[in-house]
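This report concerns only the one structure given below.
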Amino acid sequence: MTDGARSATEPGRTPREVATHCPYCALQCGMVLREDDAGVTVHPRQFPTNRGGLCQKGWTAAELLDHPERLTTPLVRDPATGALQPASWDAALERVVTGIRAIQDDAGPDAVAVFGGGGLTNEKAYALGKFARIGLRTRHIDYNGRFCMSSAAAAGMRAFGIDRGLPFPLADLGRADTLLLVGANPAETMPPLVRWLTEQRGNGGKLIVVDPRVTATARQADLHLQPLPGTDLAVANALLHIALTQGWVDREYVAERTAGFEAVRRSVAAWWPARAEQLSGVPVADLEATARALGTGGRVIILTARGAEQHAKGVDTVSAYVNLALALGLPGRAGSGYGCLTGQGNGQGGREHGQKADQLPGYRRIDDPAAREHVAGVWGVPADELPGPGVPAYQLLDSLGTPDGPRAMLVFGSNPVVSAPRAGRIEGRLRDLDLLVVADLLLSETAALADVVLPTAQWAEEDGTMTNLEGRVLRRRALRPPPPGVRTDLAIIADLAARLAPDAAAATDAAARFPADPATVFAELRRASAGGAADYAGISWARIDAADGVYWPCPTEEGSDTPRLFADRFATPDGRARFHPVDHRPAAEEVCAAYPLHFTTGRVLAQYQSGTQTRRVAALRRAAPEAFVELHPDLAARLDIDDGDPVRVTSRRGEFSAPARLSTGIRPDTVFAPFHYAGPGRANSVTNDAVDPISGMPEFKICAVRVEKA
């Protein structure tokens with residue numbers, strides 16, 4: 001019987017009940033699922049991250065378990081009619097295997113690609129990376145987390161030697177004297193986190209928000225800086241400039257715990273506040289007030305999120321805020337520090353165990369000979385058989401179906417037709433493939449293009465682990481098995497690996513290499529991660545069950561885990577954090593006469609990611625039924641647009657249409673739309689596919705557009 005679940009529901013028997021976590025954001029709120037004759041209900045539980053709270057998405061999460069649009073049988077595209085038709089599992093998997101073999105026999109292993117997701121459990125992310133590299137022997141694997149955390153991850157690695165979103169427990173936020181949120185809107189993206197902001201302000205703390213819009217979070221702030229999109233780096237450099245001139249830099253900390261400060265000191269000398277005001281629009285007085293609160297506060301925390309990171313200079317922007325935090329002596333100090341708010345449910349764990357193009361399990365680099373030897377030893381293959389690094393997500397997607405790109409792709413837990421930048425182009429690339437296979441629980445816009453669709457289990461139907469935004473490894477527990485005809489992702493991977501084997505003996509070996517049991521996979525993940533930056537070796541399911549999760553790194557079962565990083569040293573060879581001089585540069589695309597407005601995207605409270613799930617929940621659909629275009633009344637008046645009018649937003653890459661929503665909370669030179677919607681309201685039809693040269697992060701948060709009444 002599944003750990004934590006009671007016996008199956010039958011008349012007169014005790015209903016099933018299981019303690020688990022929400023399937024949505026990286027807060028991973030604790031909840032209890034109960035099933036009786038009336039169905040499955042959600043109940044909040046007292047867990048450290050949410051303390052009994054849930055948002056509307058969490059409350060309604062169980063509605064998808066028995067949704068009428070749920071996929072319960074494989075679908076295979078009929079070559080005669082072009083329609084997706086129900087098929088048996090044998091027929092569907094044979095179509096996949098036959099296609100993969102033919103393509104790889106003709107064009108080599110790299111002609112097949114794998115695309116994963118930041119919502120997959122640790123076990124599935126691990127198995128998917130392993131399957132790509134030793135089952136398919138391809139270097140082409142990446143995931144949608146590249147669109148989420150990659151810039152903050154790269155900045156954290158080069159500054160601290162490790163990437164963990166929050167290097168301290170979430171509860172520290174409630175005790176901060178000054179809390180700076182840059183490009184974050186948790187009031188809509190992860191509402192239960194607002195409890196900590198309320199506690200922080202109730203304790204007399206100051207909340208400062210940096211955002212181009214007056215968001216629900218910004219309305220709670222003591223001070224709101226409203227910069228032009230794409231100028232967060234200039235704001236950060238100006239804040240450090242002020243801290244230097246006012247003597248708020250912690251010189252002792254800098255000397256003892258960091259390296260490279262002098263180069264940064266010289267670089268920010270040119271960022272006097274008036275210059276930053278001219279670029280960003282943030283008044284000098286507000287810059288000075290922010291720097292004073294950061295430089296003179298007792299416990300100070302700086303957090304960045306997608307608004308600062310989803311730019312072609314996202315790594316440098318995050319580095320600028322890391323530089324500020326280091327100069328003030330924050331990282332590693334009790335109750336203070338720098339952190340990043342992870343977005344996707346397993347955005348942290350999803351990038352640690354091998355579904356990222358350049359990584360192996362444990363956050364090891366795939367081009368590191370020692371890392372390759374270790375992981376190959378766990379997998380039982382020679383190290384030289386492991387492929388080298390692949391390419392980042394957008395580059396991979398943009399190469400599909402081209403002469404030098406993959407001709408087949410397997411997609412698990414992602415919907416790039418809606419979520420990728422320049423989405424119309426990516427939709428075309430997916431259509432150009434010889435074989436597209438999508439594993440999903442619903443017919444997403446990407447699945448609708450597939451040659452084969454494989455129905456997968458949902459979060460409440462499988463066991464596994466997730467790693468939340470604090471680096472806390474949690475247990476996801478199954479309430480019930482998947483419905484008949486539906487398989488778990490691990491079972492699909494295991495079956496494909498066995499069928500791809502060249503003979504019966506190899507198939508038996510593949511079955512052993514790719515177990516479908518998540519507990520067995522996690523045990524192997526522990527061995528593969530041992531000694532890596534993200535070391536899970538000491539984390540067992542039993543240990544997680546005995547506590548409220550376990551923080552990595554945790555090298556041994558007998559030793560303690562690590563709720564707080566950097567108390568004594570950083571994860572660099574010499575134990576010192578690294579400053580990196582960075583300078584503001586313009587957005588990849590600037591406004592002009594033809595495209596005179598800045599466009600930015602984001603989320604709304606009732607929807608999540610590409611909306612595949614939340615757009616099918618009745619209550620969430622009522623709360624946020626369609627896309628909209630937010631624009632300032634002054635801009636609307638110039639364009640002769642009234643509230644509710646249909647408008648068209650056009651960039652050099654495409655267009656989308658949605659009703660106008662007038663708001664004084666947005667800058668007159670900027671328009672905003674949520675990115676959750678498909679079809680005519682697909683905001684990512686216009687977003688820029690320019691990418692950060694270090695992280696591969698696309699520039700979702702700013703491009704040049706024109707707006708007109710549709």
Side-chain angles (χ1 to χ4, degrees), residues 1-9 14-36 38-66 119 121-122 166 169-174 186-187 189-199 341-342 344-349 457-480 518 539-551 561 563 605-606 608 613-614 617 619-620:
M1 187 185 301
T2 301
D3 178 40
R6 298 178 186 169
S7 59
T9 301
T14 303
R16 288 182 287 192
E17 180 178 299
V18 68
T20 188
H21 294 271
C22 179
Y24 292 116
C25 81
L27 203 58
Q28 286 296 286
C29 295
M31 60 170 55
V32 172
L33 296 180
R34 293 178 187 150
E35 184 176 33
D36 55 24
V40 179
T41 54
V42 173
H43 305 267
R45 65 185 173 103
Q46 288 295 327
F47 191 77
T49 55
N50 61 307
R51 298 191 298 185
L54 290 175
C55 74
Q56 191 178 19
K57 293 187 288 289
W59 278 112
T60 58
E63 292 188 24
L64 290 170
L65 294 174
D66 298 306
T121 63
N122 290 317
L166 292 186
L170 192 65
D172 281 12
L173 303 186
T189 60
M190 45 180 65
L193 185 142
V194 174
R195 289 169 176 254
W196 302 109
L197 306 186
T198 303
E199 180 177 300
L341 292 178
T342 305
Q344 295 189 77
N346 201 30
Q348 182 68 57
Q458 291 196 48
W459 57 289
E461 300 164 349
E462 57 183 355
D463 290 328
T465 60
M466 306 285 278
T467 305
N468 80 343
L469 75 173
E470 310 162 290
R472 187 196 303 249
V473 186
L474 309 167
R475 280 270 280 117
R476 175 178 284 181
R477 298 178 180 88
L479 172 71
R480 65 188 194 187
I539 304 175
S540 65
W541 282 14
R543 185 170 180 178
I544 297 171
D545 291 345
D548 288 326
V550 181
Y551 293 86
D561 62 348
L605 176 63
Y608 180 73
Q613 298 174 70
T614 52
V617 175
L620 302 180

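Numbers here simply count residues along the sequence, with the first being 1.
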task: Take Arg195 and Arg51, measure what side-chain contact (heavy atoms from CB on, under 4.5 Å) needs, and give me the verdict at the end.
output: CA-CA 9 Å; Arg195 289 169 176 254; Arg51 298 191 298 185; 3.7 Å; yes
Residues Thr20, Leu33; criterion side-chain contact (heavy atoms from CB on, under 4.5 Å); working and verdict: CA-CA 7 Å; Thr20 188; Leu33 296 180; 3.9 Å; yes
- request: Apply side-chain contact (heavy atoms from CB on, under 4.5 Å) to Arg472 and Thr467, showing your working.
  value: CA-CA 5 Å; Arg472 187 196 303 249; Thr467 305; over 6 Å; no
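Side-chain atoms of Trp459 do not come within 3.5 Å of backbone N or O of Tyr24 as any donor-acceptor pair. Listed for the Thr465 side chain is no donor-acceptor partner under 3.5 Å among the backbone atoms of Val473. Between the side chain of Arg477 and the backbone N or O of Ala19, at least one donor-acceptor pair lies under 3.5 Å. A side-chain donor-acceptor contact under 3.5 Å links Glu470 to the backbone of Leu170. Using modelled atom types, one side-chain atom of Gln458 and one backbone atom of Leu64 make a donor-acceptor pair closer than 3.5 Å. In this structure, the side chain of Glu35 does not engage the main chain of Glu17 through any donor-acceptor pair within 3.5 Å. A donor-acceptor contact shorter than 3.5 Å is absent between the side chain of Thr342 and the backbone of Gly347.
Under the 4.5 Å side-chain criterion, counting only non-hydrogen atoms from C-beta, Arg16 is in contact with Arg480. Considering only heavy atoms from C-beta on, Leu197 comes within 4.5 Å of Pro186 through its side chain. The side-chain heavy atoms of Pro518 and Trp541, taken from C-beta on, include a pair separated by under 4.5 Å. Between Leu474 and Asn468, some side-chain heavy-atom pair lies under the 4.5 Å cut-off. Side chains of Glu461 and Leu65 form a contact here, defined as non-hydrogen atoms less than 4.5 Å apart.
Between the SG atom in Cys22 and the CD atom in Gln28 there is a gap of 7.0 Å [rounded to 0.5 Å]. Interatomic distance, CG of Leu620 versus NZ of Lys57, reported as 7.5 Å (0.5 Å rounding). To the nearest 0.5 Å, the span separating CG on Asn122 from CZ on Arg476 amounts to 10.0 Å. Rounding to the nearest 0.5 Å places CD of Glu199 at 9.5 Å from CG of Leu173. Taking CG of Leu469 as the reference point, atom CG of Leu193 lies at 7.0 Å (rounded to 0.5 Å). Atom CE of residue Met190 and atom OH of residue Tyr608 lie 8.5 Å apart, to the nearest 0.5 angstrom.
Under the side-chain contact (heavy atoms from CB on, under 4.5 Å) criterion, Leu54 pairs with Cys29, Met31, Val42, Pro44, Asn50, Trp59, sequence neighbours left out.
Ionic pairing of Asp548 and Arg45 is not present here: no N-O contact between side-chain nitrogen and carboxylate oxygen is shorter than 4.0 angstrom.
Across every non-hydrogen atom of Leu27 and Pro192, the tightest pair is CD2-CB, 3.6 Å. Between Gln56 and Ala619, the shortest heavy-atom distance links the atoms NE2-O, 3.8 Å. In terms of heavy-atom proximity, Pro48 sits nearest to Trp196 at O-CZ2, 3.1 Å.
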